[in-house]
Amino acid sequence: MFDFLSEKLQSAFKSLKGKGILTEADVEAALRELRLALLEADVSLSAIKHLTANVRQLATGEKVLSGINPGEQVTKIVYDQIVELLGTEEPELTFPAPLTVILMVGLQGSGKTTSSAKIAQYCVDKYGRKPVMASLDVYRPAAIAQLEELGKRLDIPTLSSTSTSPQERTKQALSFAKESGANLLILDTAGRTDLNEELMEELKDIHKLSVPHHVILCADAQAGHSAVDVAEAFKKTIPVSGLVLTRVDGDARGGAALSMRHVTGVPILFLGVGEAVGRGNANKIEPFRPHGLAGRILGQGDVLSLVEKVQAASSEEDNAALEKKMMSGKELDFNDISKQLKMMQRMGGMGNMLGLLPGMGALKGKLEGKMDDKMLARQQAVISSMTPKERKNPKLLNAKRRMRIAKGCGLQVADVNKLVKMQEGLNQMTKMLRKGGLSALTGAMGKGGGFPKF
Amino acid sequence: MSFWKRLTGGLGKTAQTVESGLRAALGLSGTMDAETREAVEEVLLKADVGVRVATALVSELAKKLPSPFTEDQLKAVLAGLIEARLKVLEAPAPLLRESLTVVAMVGVNGSGKTTTLGKMAAQWQAAGKRVLAAAGDTFRAGATEQVSVWAERAGADLVDAGGDAAAVAYAAVKKGMNEAYDVVLIDTAGRLPNRADLMAELGKIRRVVAKLLPEAPHHTLLVLDGTQGQAVLRQVEAFGAEAGVDGLIVTKLDSSAKAGFLLALAALETPLPVYYLGIGEGVDDLGNFEAAAFARSLVGLSEA
C-alpha cells in the first residue's frame with residue numbers, strides 16, 4: 001500500500017537520520033525531496049504547500065536541530081503532519097435513525113457498487129445492522145444486476161423494480177426498506193462526472209427524496225490532480241459527509257489519500273483493499289485510521305490493524321490454548337502449525353501481514369514473490385498428507401516417512417524438510433520467548449532465523 | 001456537434017483552469033522570471049503532466065518565448081510544445097485488418113473497458129463489419145450481463161460460454177474464424193498492476209488465442225482512466241510486460257480530468273499509440289486521438 005510514496009519518503013529522510021547536528025540547509029534539502037516525492041505521488045499542490053510549510057516551521061526551530069536525534073525528530077514531525085493531512089479523528093459510522101440511509105456517489109468506475117456491498121456487510125459484521133440495498137443506476141448496463149448478485153452472495157436483500165427513473169426507484173427503496181424491517185438502507189447511484197449538470201441535478205433530487213444520514217463519496221486511490229476538483233464539485237451539489245478510498249491495494253501512489261481530506265474537509269471513512277466482497281476478513285474493506293496509514297507510509301507499520309486482523313481471524317479459545325501450550329514448554333506440533341497457517345490465510349497472507357509490522361516495510365518488498373500465499377497452501381498440503389500420529393509427534397518423521405508424505409502431496413522431500421525445519425525453528429523461537437521476551441526473538445530473527453524459504 | 005467540440009467541452013474545464021492559471025502566471029510579469037516559471041509549472045502539474053515533463057516544458061517555454069510575451073504567445077507556444085511531444089502517440093494505422101482481427105481489452109478495475117468495447121462494437125457494426133464480443137470478465141458480478149447489453153445495442157453477437165477467461169476467448173476466436181466475423185473483441189476482468197497472478201492470466205489468454213490464430217490477438221489495448229494521475233505509468237509498465245499491450249485508450253475525458261499523463265507516456269522509451277478517447281457513456285462518445293487538437297484544447301485554444 002502506497003509503497004511508492006513510502007520508499008520515496010524514507011529515502012528523503014534517510015540522509016537526516018543518524019546525524020548528530022542538523023543545519024537548516026539539511027532540512028531544506030530533505031524538504032525539497034519531500035516536495036518532489038509528494039508531487040510524483042499525485043498529492044495536490046495545496047496539500048503539499050500546507051505540509052511542507054508546517055514541517056519547515058516546526059523542524060527548523062533551535063530545539064529540534066540541536067536536540068537529541070534531530071533526524072528522528074524531523075521524521076516524527078513529518079509523521080504528525082501527514083496524520084494531520086489525513087485527519088486526526090477516527091470517524092465511525094453512526095446510525096442515528098430507526099432507518100439509517102447511506103447514499104453512495106462518485107465518478108464512473110470509482111467503485112461505488114462494490115463499496116456499497118462491502119459497507120453493507122461491514123455494518124452487519126461490526127454493528128449487527130440489518131441492511132437492504134438499492135441501485136439507482138439506470139444508465140450503466142447491468143449495474144442493477146451487479147448489486148443484486150452481490151446482495152445474493154451476502155444474503156442482503158436488494159430492491160427489485162423495473163422502474164427506469166432514479167427518483168421513482170429512490171421512493172421505492174425507502175418503502176422496500178421499511179417493509180422488510182431493515183434498519184439500514186444503502187443507495188447505490190450511477191457514476192457521474194462533475195461536469196454533467198443534468199446528472200448532478202438528478203443527484204440533488206435523489207438527495208431530497210431520500211434525506212440520507214450519510215453521503216459517501218467513492219474515490220479511486222489512483223486518481224490524479226482532478227480528484228479534489230471532482231470531490232469539491234460533488235460537495236457543492238450535495239453535502240458529502242464521508243469518503244471511501246478504493247483500490248488502495250494496488251500500487252496507487254497515495255496522492256488522493258493525502259489530498260482529499262485536506263482539500264474537502266470531509267473525513268475518510270473506509271479504505272477499499274481488494275475486490276472481494278464477503279464476510280469478516282473476506283470483506284476487503286478497512287476502517288480508516290490516519291495513524292495507521294501514516295505509519296505504513298513512513299514504514300513504521302500499523303500494529304493496530306494487525307491486531308484487529310488477528311482477532312477477526314482467530315478464536316479466543318484457540319489463542320488461549322496455543323499460548324498455554326507455548327508457555328508450558330510443550331513442543332508445538334503440526335496440528336498447531338496447521339491452525340496458524342489457516343489463520344494466516346484468513347488474514348490475507350504473509351505480504352499483507354508483514355506490511356503492518358513495524359520495520360518490516362522494506363523486508364516486504366524483498367519477500368514478495370518468495371513468500372506468496374501459494375507457500376501457505378503448500379505447507380498446508382504437506383501437513384495434510386501426514387498421518388494424525390505424525391502431526392502430533394513430529395519426531396516420527398524419518399526419511400522414509402518424509403518420502404511418503406512428499407509423494408502424497410505431490411511435492412519434493414525438500415519441501416517436507418523445510419516444513420520440519422520451520423516447526424523446529426518455531427519451537428526454538430517459543431523457547432526464546434519464554435526466556436527472554438520479544439527482544440530476544442526479534443534479535444534472532446534479524447540474524448537470519450525465522451521462516452525458511454519454500 | 002463534432003467530437004472535438006465535445007471533447008473541448010470536457011477538457012473545457014481543464015482548459016479554463018489552465019487558462020486562468022496561465023493568465024495569472026502572465027499577470028505576474030510577462031517574462032519568464034522565477035515566479036512565472038513556478039506558476040506555469042503548477043498549472044502543468046495540476047493537469048497531471050508529471051514533474052519531469054512540467055519542468056522540461058517550462059525550460060523549453062523560456063527558450064522559445066520572446067520577452068515580454070503576451071497571453072496568446074504563451075498559449076500558442078505551449079500548445080506547440082505539447083503537440084510536438086504528443087505526436088508520437090498518434091495511431092500509425094487503423095486497428096482493423098482485411099481479415100479477422102482479434103482485439104483484447106485490458107486495464108485496471110473501473111477504467112471503462114466494457115463501455116469502450118461496446119462503443120467500438122457499435123461503431124464497427126455501423127460501418128458494416130461483423131463483430132463478435134467475448135464476455136471474458138468471468139469475475140465481477142454483472143460483468144457478463146453488461147457486455148451482453150452492449151452487444152445487443154451494437155447488433156453484435158456474443159460468446160459467454162462458461163469457464164475461465166481464456167476458455168471464453170478461445171471459444172470466441174474459434175467461432176470468429178469458423179463463421180467469418182471481421183472482429184472478435186475480448187473483454188477481460190479489471191486487475192491492478194501489482195497482482196502478478198492476474199497478470200499471468202492475461203498471458204494465458206494470449207497463448208490460448210494464438211493456438212488458433214498465430215498472430216492473435218492482433219491488438220491488446222490498455223484502457224486508461226483519464227481521471228487518474230501518474231499511477232498510469234505503472235499500469236503501462238505492468239500490462240505492457242505481461243499482456244503485450246500495443247495501444248492505449250483514454251476514457252472519462254468528459255470530466256474535469258486532464259489526462260496530462262499522456263505527456264509522461266509520450267516521453268517513455270517506446271511510447272504506445274492512443275487509438276481512442278472516450279468522452280461519455282453514449283455509443284458515439286468515442287473518437288480518435290489527434291495530437292494537435294488535444295494540445296490546443298488542453299491549453300484553451302479552439303480547434304485550429
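Order of the sequence lines fixes the chain letters, A, B, ..., with proteins taken first and strands second; residue numbering starts at 1 for each chain. Excluded from the calculations below are hydrogen atoms, water molecules and symmetry mates; all remaining heavy atoms, backbone and side chain alike, are included.
Between Asp42(A) and Asp48(B), some side-chain heavy-atom pair lies under the 4.5 Å cut-off. The shortest side-chain heavy-atom distance between Pro141(A) and Glu152(B) does not fall under the 4.5 Å cut-off. Under the 4.5 Å side-chain criterion, counting only non-hydrogen atoms from C-beta, Thr227(B) is not in contact with Val230(A). Between Glu145(B) and Glu148(A) there is no side-chain heavy-atom pair separated by less than 4.5 Å.
The parts of Phe139(B) that come within reach of chain A are both its backbone and its side chain, each placing non-hydrogen atoms under 4.5 angstrom from that chain. With a 4.5 angstrom heavy-atom cutoff, Lys252(B) touches chain A only via side-chain atoms. Both the backbone and the side chain of Leu39(A) have a heavy atom closer than 4.5 Å to some heavy atom of chain B. When heavy atoms are compared at a cutoff of 4.5 Å, Val147(B) does not approach chain A at all. Residue contact with chain B, scored on non-hydrogen atoms closer than 4.5 Å, is absent for Arg192(A).
Residues of residues 190-200 of chain B lying under 4.5 angstrom from chain A, judged on non-hydrogen atoms, are Gly190(B), Leu192(B), Pro193(B), Asn194(B), Leu198(B) by number.
The two atoms that bring Ser256(B) and Asp194(A) nearest to each other are OG-OD2, 2.6 Å, heavy atoms only. The heavy-atom pair separating Ala142(A) from Gly142(B) by the smallest distance is CB-O, 3.5 Å.
No donor-acceptor distance shorter than 3.5 angstrom exists from the side chain of Asn109(B) to the backbone of Glu275(A), with no hydrogens or angles considered.
Asn196(A) CG to Glu281(B) CD: the interatomic distance, rounded to the nearest 0.5 Å, is 9.0 Å. To the nearest 0.5 Å, atoms CZ (Arg247(A)) and CD (Gln228(B)) are separated by 7.5 Å.
Here side-chain hydrogen bond (donor to acceptor under 3.5 Å, both in side chains) pairs that include residues 111-125 of chain B, with residues two or more places apart or in two chains, are Thr114(B)-Asp187(B).
Salt bridge status for Arg35(A) with Glu41(B): present, with a side-chain N to carboxylate O gap under 4.0 Å.
Between chain B and the residues Thr193(A), Ile144(A), Thr113(A), Leu150(A), the most heavy-atom pairs under 4.5 angstrom are made by Thr193(A).
Each of Gln222(A), Arg253(A), Glu40(A), His225(A) was evaluated against Gln230(B); a single residue qualifies, Arg253(A), per the side-chain contact (heavy atoms from CB on, under 4.5 Å) test.
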